[in-house]
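In what follows, residues are counted from 1 in the order of the sequence shown.
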Amino acid sequence: MTAQLGTEDRDSHARGFDTLPPARILEVLAAAQVAAARSVEAAIPAIADAASLAAGALASGHRLAYVGAGSSGLMALADCLELPGTYGIGLNEAIVILAGGRDSLVDMLGSGEDDVEAGAADLAASAIGQGDCVIAVSASGSTPYTLAAARAAKARGAAVIGIANNNGAPLLSAADVAVLLKTPPEVVSGSTRMGAATAQKIALNMLSTLMAVHLGHVHDGHMVNVRADNEKLRMRAARIVTDITGISTDTASGLLKESRGSVKHAILLAAGAGDIEAADAALVEAGQNLRRAMSLVAKS
């Protein structure tokens, strides 16, 4: 199937756009962002499959890699960097592979997107392989760097999730799970840092959050595997323990110190686990799912 390059089309409101009053320009831009966000709804079944695939890789001791270039790479980077702090995913468990490498974070030259050899080489250098999962993101779905990395990942035995904004994109056909975010044309034609990137960000938020749910890191809307490494997050961790168990904030803080900051362990101690070792054993038996671990502690 030939890709439909909707990301290069021009929005119907674009003619004369630059002559409009400033407030009207912003109204048009805001409406375009809302329309882009709505495109994610049609992709929910695919995003659910993608989250299950990614969670399965991490749960079995394998790794997750995000791949992208340009604005899509920045959306991938943002999602990946949030995983350790929010859900306790190890820095070595989730990595990001960007066209142009770290240098692209200060000077995002477009030439890196066209480097097919670098895409395959960077994927190989990351040692991603059998059992791992790659999330490849490209607005056009045909970015040479990203497509080469995705194909290299599949050749090495990794599962591939492809996220693109054009129907029929090569990246989608190369993926095990294809997530099509069919966003409308951009008001500024081809500026996929706008609507396309907004939809990508929403889809990635949804994917990684559902992945965390599968991994047992979300309980009643709380991030129970949070890495509490500053005062704000230590206070949040105490509130989480208090909200789930009903104990006082002071008691929760004490249990968090005893558990070396682990929210899950502190909750299990409050729920009746005899010590850290017992709490840890319950989590292992429950596959790190706090709700199941709490049931095990209650029965013991």
Side-chain angles (χ1 to χ4, degrees), residues 40 43-60 62-84 86-87 89-99 104 113 119-120 122-166 169-181 183 192 196-215 217:
V40 180
I44 285 175
I47 295 170
D49 290 342
S52 179
L53 196 64
L58 290 175
S60 59
H62 292 94
R63 294 192 298 157
L64 182 65
Y66 292 74
V67 178
S71 297
S72 296
L74 294 180
M75 296 304 102
L77 176 68
D79 203 65
C80 183
L81 290 183
E82 293 279 8
L83 294 181
T86 308
Y87 297 123
I89 307 296
L91 291 173
N92 61 332
E93 294 179 281
I95 63 171
V96 63
I97 302 169
L98 296 174
S104 67
E113 298 185 12
D122 289 351
L123 190 286
S126 73
I128 289 294
Q130 189 70 40
D132 295 326
C133 181
V134 168
I135 301 174
V137 190
S138 164
S140 69
S142 57
T143 304
Y145 177 94
T146 306
L147 190 55
R151 288 172 171 163
K154 284 203 74 172
R156 294 171 65 88
V160 175
I161 297 163
I163 300 177
N165 299 77
N166 283 327
L171 178 60
L172 298 179
S173 60
D176 296 288
V177 175
V179 180
L180 170 62
L181 306 173
T183 45
T192 53
T198 292
Q200 290 170 1
K201 175 60 175 165
I202 293 170
L204 287 167
N205 285 346
M206 293 164 62
L207 193 164
S208 56
T209 301
L210 181 54
M211 177 186 77
V213 170
H214 287 318
L215 292 171
H217 300 333

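- Closest non-hydrogen pair, Pro170 versus Ser142, comes out as CD-CB, 4.0 Å.
- With sequence neighbours left out, the side chain to side chain donor-acceptor pair (under 3.5 Å) criterion links Asn205 to Lys201.
- Take Thr198 and apply the side chain to side chain donor-acceptor pair (under 3.5 Å) test, not counting sequence neighbours, and it matches Gln33.
- Counting heavy atoms from C-beta on, the side chains of Ile47 and Asp49 never come closer than 4.5 Å.
- Within the structure, the side chain to side chain donor-acceptor pair (under 3.5 Å) test picks out no pair touching residues 146-162 (sequence neighbours left out).
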- Query: Which is it for Ile97 and Tyr145 under the side-chain contact (heavy atoms from CB on, under 4.5 Å) test, yes or no, and what are the steps along the way?
  - Reply: CA-CA 10 Å; Ile97 302 169; Tyr145 177 94; 3.2 Å; yes

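- With Thr86 contributing its side chain and Leu83 its backbone, the two residues share no donor-acceptor pair below 3.5 Å.
- Across all their heavy atoms, Pro84 and Leu91 have their closest contact at CG-CD2, 3.6 Å.
- Considering all non-hydrogen atoms of both residues, Ala175 and Gly162 come closest at CB-N, 3.4 Å.
- Taking both residues in full, the closest heavy atoms of Ser126 and Ile95 are given as CB-CD1, 3.7 Å, listed atom of the first, atom of the second, then distance.
- Looking at every heavy atom in both residues, Arg63 comes nearest to Asn92 through CD-O, 2.9 Å.
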- Message: Show, in sequence, the C-alpha distance, side-chain angles and deciding distance for Val67 and Val137, and conclude whether the side-chain contact (heavy atoms from CB on, under 4.5 Å) test is met.
- Response: CA-CA 6 Å; Val67 178; Val137 190; over 6 Å; no

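- In this structure, the side-chain contact (heavy atoms from CB on, under 4.5 Å) partners of Cys80, at least two apart in sequence or on a different chain, are Tyr66, Ala94, Val96.
- The two atoms that bring Ala99 and Ala69 nearest to each other are CB-CB, 3.5 Å, heavy atoms only.
- Between Tyr87 and Val213 there is no side-chain heavy-atom pair separated by less than 4.5 Å.
- Two residues are said to be in side-chain contact when any heavy atoms from C-beta on lie closer than 4.5 Å; Ile135 and Leu204 meet this criterion.
- The side-chain contact (heavy atoms from CB on, under 4.5 Å) check on Ala159 picks up Leu53, Asp176, with sequence neighbours excluded.
- Side-chain atoms of Thr209 never come within 3.5 Å of backbone atoms of Met206 as a donor-acceptor pair (strictly under, hydrogens ignored).
- Contacts of Ala148 classified as side-chain contact (heavy atoms from CB on, under 4.5 Å), with partners at least two apart in sequence or in another chain: Val116.
- Annotation: side-chain contact (heavy atoms from CB on, under 4.5 Å) contacts of Ala55 (sequence neighbours excluded): Met211, His214, Leu215.
- Between the CG atom of Leu74 and the CG atom of Leu98 there is a distance of 7.5 Å, given to the nearest 0.5 Å.
- In this structure, Leu147 CG and Thr143 OG1 are separated by 8.5 Å, a value rounded to the nearest 0.5 Å.
- Here the SG-CD1 distance, from Cys133 to Ile128, works out to 9.0 Å after rounding to the nearest 0.5 Å.
- The closest donor-acceptor contact from the side chain of Ser72 to the backbone of Ala139 lies under 3.5 Å.
- The number of heavy-atom neighbours closer than 6.0 Å to CD of Glu82, taken from other residues, nucleotides and ligands shown, is 12 or below.
- No hydrogens or angles considered: a donor-acceptor pair under 3.5 Å links the side chains of Thr183 and Asn165.
- Note that CG of Leu207 and CG of Asp79 are 7.5 Å apart. Values are rounded to the nearest 0.5 Å.
- Atom CD in Glu93 sits 11.0 Å away from atom CG in Asp132 (nearest 0.5 Å).
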